[in-house]
Visitor: 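Input: one structure, supplied below.
What's counted below: heavy atoms across the whole structure, side chains too, no hydrogens, waters or symmetry copies.
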Amino acid sequence: MLSPKICIITDLDGTFLPKSKIPLPRDLSAVRRFEQEGGIFTIATGRTIQSSVRYPELMGLKSPMIVFNGGAIYDPIENKTLFSHPLPDSAKEMTKKIISENPHSGGEVLCLEDTWVINNTEYEKEHIRICGVTPQYGTVDEVTGTWLKVLFAMSPNDIPAFIEYIDNQHFEGVDFVRSERRFYEMLPSGVSKGSALNAYRHLSGMEGFKMIAVGDFDNDIEMLQSADFAVCPANAVDNVKQCADLILSRTCEEGAMEELIDKILKGDLHL
């Protein structure tokens, strides 16, 4: 059995999942070996409950997972949301302003209950395809449900100017993070995968566990900083590599999770 007790909490896209979005058999086999030694394995994703719900079954998850980039913790076994932190009411007017002044940007409101497309550009359609969900379509005023985040989708070439635009607005009560080369997201102020990891430590049964976080992109940085040990695959962006305790030699396409778990089981990590 593992000593100390260890929980691996990993990002999905670009970290555990390859481009196919199907977990590699070698990674799944490694996860089973890790769990047989008493480890806990779970995920922290920017995806909604709806777009990530197939992965607990594919991966055999037995523990709650972080979703909405830290906006909620969801228990797939009990089909129950354990924790959620919604956007402020003011996010509605902010979103209207952003879309009206940046019509090239796709827009998507991700609610606890559903996904709403509010500006259906080609990049927005691509995000829906990646997530594999059937969304609702409407205006900002037609969106119903509890807002947990808003996603803006556009060409990577347009992202720097969009970020500059957002920075100049000085919006209050919300934070923004880049979750992929094409995607920029609005979250409640102070909410991140890192804040959710800190909440995760206080869940029943997590007492005494060391948290190993694994991620590849900007929206994983707070989680890596909040963990006891930070890991990234070889394909991670430079910002993430700079805050990692361990940079794996493999990418998400090559079995990075298997590499990490082999190191843990061999006792190669000093936690």
Side-chain angles (χ1 to χ4, degrees), residues 1-18 20-45 47 52-67 73-80 82-83 193-194 196-216 220 223-236 240-241 243-271:
M1 298 296 286
L2 293 170
S3 180
K5 297 187 292 185
I6 297 173
C7 173
I8 297 174
I9 187 159
T10 181
D11 170 56
L12 272 180
D13 302 282
T15 302
F16 188 76
L17 294 181
S20 69
K21 306 305 179 186
I22 300 172
L24 298 179
R26 63 197 295 184
D27 286 335
L28 291 176
S29 176
V31 169
R32 298 289 83 79
R33 288 188 283 113
F34 175 71
E35 291 177 328
Q36 287 167 6
E37 293 298 322
I40 289 178
F41 183 88
T42 191
I43 60 177
T45 178
R47 291 171 178 256
S52 57
V53 73
R54 62 183 171 136
Y55 290 106
E57 183 175 355
L58 275 174
M59 299 161 64
L61 289 188
K62 304 175 182 65
S63 300
M65 57 187 189
I66 294 171
V67 288
I73 297 176
Y74 172 72
D75 185 339
I77 303 300
E78 299 292 333
N79 188 25
K80 181 180 180 182
L82 305 179
F83 163 90
K193 290 183 183 180
L197 184 148
N198 290 331
Y200 204 100
R201 292 180 185 273
H202 298 288
L203 295 180
S204 177
M206 293 307 300
E207 299 84 1
F209 272 84
K210 294 285 187 178
M211 306 296 289
I212 296 180
V214 195
D216 74 304
D220 299 314
M223 177 175 71
L224 298 180
Q225 292 172 334
S226 298
D228 297 300
F229 195 83
V231 181
C232 69
N235 56 280
V240 170
K241 288 180 177 178
C243 65
D245 297 303
L246 172 65
I247 302 172
L248 298 167
S249 65
R250 300 183 198 170
T251 70
C252 61
E253 305 289 334
E254 301 167 331
M257 189 56 63
E258 179 189 46
E259 179 185 354
L260 170 61
I261 289 173
D262 283 346
K263 288 181 180 294
I264 293 171
L265 297 183
K266 291 176 182 176
D268 292 344
L269 303 188
H270 300 288
L271 303 176

Visitor: Would you find a donor on one side and an acceptor on the other, under 3.5 Å apart, between the side chain of N235 and the backbone of G14?
Guide: yes
Visitor: For residues L269 and I6, determine if any side-chain heavy atom of one lies less than 4.5 Å from a side-chain heavy atom of the other.
Guide: no
Visitor: Can you name the nearest heavy-atom pair linking A256 to L248, along with the distance?
Guide: O-CD1, 3.3 Å
Visitor: Look up atom CE in M223 and atom OG1 in T10, then write down how far apart they are to the nearest 0.5 Å.
Guide: 6.5 Å
Visitor: Using the rule side-chain contact (heavy atoms from CB on, under 4.5 Å), only one of C252, P233, C232 pairs with T15; which is it?
Guide: P233
Visitor: Got I8 and I261 here, is their nearest side-chain heavy-atom distance under 4.5 Å?
Guide: yes
Visitor: NZ/K263 to OG/S249 distance, rounded to the nearest 0.5 angstrom?
Guide: 6.5 Å
Visitor: Are any of the side-chain heavy atoms of K193 and I9 separated by less than 4.5 Å?
Guide: no
Visitor: I need the minimum non-hydrogen distance between L17 and K21, along with the two atoms involved.
Guide: CD2-O, 3.9 Å
Visitor: Which pair of non-hydrogen atoms, one from F16 and one from P23, has the smallest distance, and what is that distance?
Guide: CE2-CB, 3.7 Å
Visitor: Do Y55 and L61 come close enough that some side-chain heavy atom pair is under 4.5 Å?
Guide: no
Visitor: For a 4.5 angstrom cut-off between non-hydrogen side-chain atoms, does E37 reach I264?
Guide: no
Visitor: Can you tell if the side chain of M65 reaches within under 4.5 Å of the side chain of T45, non-hydrogen atoms only?
Guide: no
Visitor: What's the spacing between K241 NZ and D216 CG if we round to 0.5 Å?
Guide: 10.5 Å
Visitor: At what distance, to the nearest 0.5 angstrom, does CD1 of I212 lie from CD1 of I40?
Guide: 12.5 Å
Visitor: What heavy-atom pair brings L224 and A213 nearest, and what distance separates the two atoms?
Guide: CD2-O, 3.4 Å
Visitor: Which pair of heavy atoms, one from C7 and one from F209, lies closest together, and at what distance?
Guide: N-CD2, 3.7 Å
Visitor: Treating K5 as the side-chain partner and E207 as the backbone partner, does any N or O pair qualify as donor plus acceptor under 3.5 Å?
Guide: yes
Visitor: What distance do R54 atom CZ and M59 atom CE have between them, rounded to the nearest 0.5 Å?
Guide: 11.5 Å
Visitor: Take F229 and K210 through the test side chain to side chain contact (heavy atoms under 4.5 Å, CB included) and record every step on the way to the result.
Guide: CA-CA 8 Å; F229 195 83; K210 294 285 187 178; over 6 Å; no
Visitor: Kindly say whether E259 contributes a backbone atom to a donor-acceptor pair with the side chain of R26 at under 3.5 angstrom?
Guide: no
Visitor: Measuring only between side-chain heavy atoms, which start at C-beta, is D262 closer than 4.5 Å to R33?
Guide: yes
Visitor: Run Y74 and I66 through side chain to side chain contact (heavy atoms under 4.5 Å, CB included) and show every step you take.
Guide: CA-CA 6 Å; Y74 172 72; I66 294 171; over 6 Å; no
Visitor: Using a 6.0 Å cut-off, check whether atom CD of E57 has over 12 heavy atoms from anything other than its own residue.
Guide: no
Visitor: Give the minimum heavy-atom separation between R47 and L12, together with the two atoms involved.
Guide: CD-CD1, 4.0 Å
Visitor: Could you label the plane-to-plane angle of the F41 and F34 rings as parallel, tilted or perpendicular, counting under 30° as parallel and over 60° as perpendicular?
Guide: perpendicular
Visitor: For the side chain of D27 and the backbone of E258, is there at least one donor-acceptor N/O pair under 3.5 Å apart?
Guide: yes
Visitor: Okay, side chain of D228, backbone of M211: is any donor-acceptor separation there less than 3.5 Å?
Guide: yes
